[in-house]
Structure formats: structure tokens, C-alpha cells
Amino acid sequence: HQEKIEKLENFINNAREKQLIVGSPIYMAPELLKGSPINRKTDLYSLGVMAFEMLFGVCPYEETNVESLIAKIERGQLIMPLDKNKISSKTTQLIRDMLISDPVLRIEWEDFFAFFDSVSMLNDNNDKKGLKVDTDIKRDYLYNIEGDLMVNSAKINREQNYSEYE
């Protein structure tokens with residue numbers, strides 16, 4: 001796996017040097033926007049932007065030009081519009097960890113997947129044993145990003161579709 005990741009990183013960095021990479025800057029990690037080499041955490045940032053948009057209907061940082069966008073991201077003043085959609089504290093922290101501008105401090109892939117594994121293990125183990133988990137604990141673990149994304153993105157889509165007809 002490591003060899004394939006390194007080949008992909010080299011390919012993308014070479015393409016970046018030749019200015020062959022295109023895409024919407026609003027979804028790009030700040031290191032990519034600044035022309036720095038990408039790393040294995042670059043996609044975690046982009047995934048965090050998409051998750052944020054699915055949850056709240058807007059991107060976390062929006063600006064009219066790349067320089068202003070980079071400056072806004074680096075200030076790190078992420079505002080979670082929790083009044084729009086209530087999400088769990090665990091999901092909130094996961095999104096924050098994915099949107100850290102410094103890739104060295106950004107969440108690792110292993111920790112990202114561990115977030116979902118802990119939820120799956122709780123469900124699987126307790127379902128197999130027939131155990132009932134305390135409602136508050138279960139809600140805290142089960143009301144995770146998977147549920148948040150499904151419920152809230154559907155709500156946002158409905159609101160956007162209805163507003164088209166008003």
C-alpha cells in the first residue's frame with residue numbers, strides 16, 4: 001500500500017508542478033493552494049470540507065480569490081453553524097480535526113477510520129451479545145458523522161429544493 005501511495009503522491013506533485021491539476025480551490029487543502037507538496041493528509045482536508053458542506057449546506061471557508069481563502073483558512077477561525085444543524089460533539093471534533101490548516105497537526109487516516117470503527121464495534125458487539133447499552137452512551141456513539149450526514153444533507157436538500165419553488 002505504501003508504495004502505491006508514494007507513486008500517487010509523486011504523480012500528483014509532478015502534475016502540480018506542471019500546473020495540470022484543476023479543481024475548485026474551496027475544496028483544496030491549504031498546502032495544495034500554496035503550491036506545497038501534497039501528503040497523505042491532503043485528502044482528509046478536502047473530505048472535511050465536503051462533510052462540512054453536507055452537514056451545513058455551506059463550505060467552511062468561502063472567499064472570492066485564492067489569496068483571501070488561504071488567509072482565512074490559516075487564521076483557523078472555523079465557525080460551525082450548529083444552529084443550522086445539531087450534530088454530535090464527536091462529529092464536531094472530527095470535522096475540526098480534518099480542517100486543521102497545518103497538515104502536521106491534522107488528523108491521521110488511522111484516527112479518522114478509528115472514529116467509525118468504534119461506532120461499528122459498539123453496535124456489533126452489543127447486538128451479538130444481546131446487550132442493551134445505556135441510552136446516553138449509545139446516542140453519543142451512534143449519533144456520529146454517518147447519521148449526521150444522512151439526516152442533515154437530506155434536510156438541506158429538501159430545503160434547497162423547496163426554496164426553488166417559492
Side-chain angles (χ1 to χ4, degrees), residues 1-122 137 139-153 155-156:
H1 267 308
Q2 184 62 32
E3 214 173 281
K4 289 180 182 179
I5 290 172
E6 287 174 8
K7 282 182 182 180
L8 180 61
E9 286 175 349
N10 287 335
F11 171 78
I12 293 173
N13 283 327
N14 288 334
R16 176 92 172 85
E17 287 173 13
K18 296 175 184 173
Q19 298 183 346
L20 298 175
I21 297 219
V22 294
S24 179
I26 210 160
Y27 296 97
M28 292 181 184
E31 60 270 21
L32 190 57
L33 291 171
K34 292 188 285 187
S36 301
I38 66 160
N39 60 62
R40 62 182 333 142
K41 294 183 182 181
T42 300
D43 288 336
L44 277 167
Y45 183 90
S46 298
L47 186 57
V49 173
M50 290 185 285
F52 189 101
E53 184 177 22
M54 290 174 70
L55 289 166
F56 301 113
V58 296
C59 288
Y61 303 106
E62 296 184 13
E63 285 295 331
T64 56
N65 63 61
V66 174
E67 293 78 22
S68 298
L69 180 61
I70 293 169
K72 196 171 199 178
I73 292 169
E74 288 184 338
R75 281 194 298 273
Q77 297 173 339
L78 179 64
I79 298 170
M80 296 278 222
L82 296 174
D83 57 321
K84 272 189 161 187
N85 287 315
K86 181 173 175 16
I87 60 173
S88 70
S89 60
K90 291 188 180 300
T91 299
T92 301
Q93 191 56 54
L94 178 67
I95 300 291
R96 286 187 185 286
D97 291 346
M98 293 169 73
L99 294 176
I100 293 174
S101 65
D102 183 347
V104 173
L105 303 176
R106 195 175 300 142
I107 190 172
E108 297 284 345
W109 278 103
E110 293 80 8
D111 297 325
F112 173 79
F113 288 120
F115 174 86
F116 296 99
D117 289 343
S118 66
V119 174
S120 296
M121 279 179 42
L122 181 69
I137 294 171
R139 182 179 59 238
D140 190 40
Y141 277 91
L142 297 180
Y143 193 65
N144 62 69
I145 195 168
E146 293 172 289
D148 289 339
L149 287 174
M150 287 188 292
V151 171
N152 293 326
S153 63
K155 178 182 173 190
I156 289 167

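For clarity, every value in this text was computed on a predicted model and none was experimentally measured.
Met80 and Thr92 get closest at one heavy-atom pair: CE-O, 3.3 Å. Closest approach of Glu31 to Pro37, counting heavy atoms only: CG-O, 4.3 Å. Residue Ser101 comes nearest to Pro30 through the heavy atom pair O-CG, 3.5 Å, listed as atom of the first residue, atom of the second, then distance. The heavy-atom pair separating Leu69 from Pro25 by the smallest distance is CD2-O, 3.5 Å. Here the closest heavy-atom approach between residue Arg40 and residue Trp109 is recorded as O-NE1, 2.5 Å. Across all their heavy atoms, Arg106 and Leu44 have their closest contact at CD-CB, 4.3 Å.
The CG atom of Leu82 lies 9.5 Å from the CG atom of Leu55; values are rounded to the nearest 0.5 Å. In this structure, the separation between CE on Met28 and CD1 on Ile38 is 11.0 Å, given to the nearest 0.5 Å. The CD atom of Gln77 sits 9.5 Å away from atom NZ of Lys72, with the distance rounded to the nearest 0.5 Å. Of the inter-residue distances, the one linking Tyr61 atom OH with Ile70 atom CD1 reads 13.5 Å to the nearest 0.5 angstrom. Note that CD1 of Ile95 is 10.0 Å distant from CE of Met54, once rounded to the nearest 0.5 Å.
Environment of CG in Leu105: crowded, with over 12 heavy atoms of neighbouring residues, nucleotides or ligands closer than 6.0 Å.
Inter-residue side-chain proximity for Leu78 and Phe52 is flagged as met; some heavy-atom pair is nearer than 4.5 Å. Looking only at side-chain heavy atoms (C-beta outward), Thr91 and Phe115 come within less than 4.5 Å of each other. The side-chain heavy atoms of Asp111 and Asp97, taken from C-beta on, include no pair separated by under 4.5 Å. Val49 has its side chain within reach of Pro60: a pair of non-hydrogen atoms, C-beta onward, lies under 4.5 Å apart. Side-chain atoms of Leu94 and Lys90, non-hydrogen and from C-beta on, never get closer than 4.5 Å to each other. Side-chain contact between Ile26 and Glu53: absent, with no pair of heavy atoms (C-beta onward) separated by less than 4.5 Å.
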Worked check of side-chain contact (heavy atoms from CB on, under 4.5 Å) between Ile100 and Tyr45:
CA-CA 7 Å; Ile100 293 174; Tyr45 183 90; over 6 Å; no
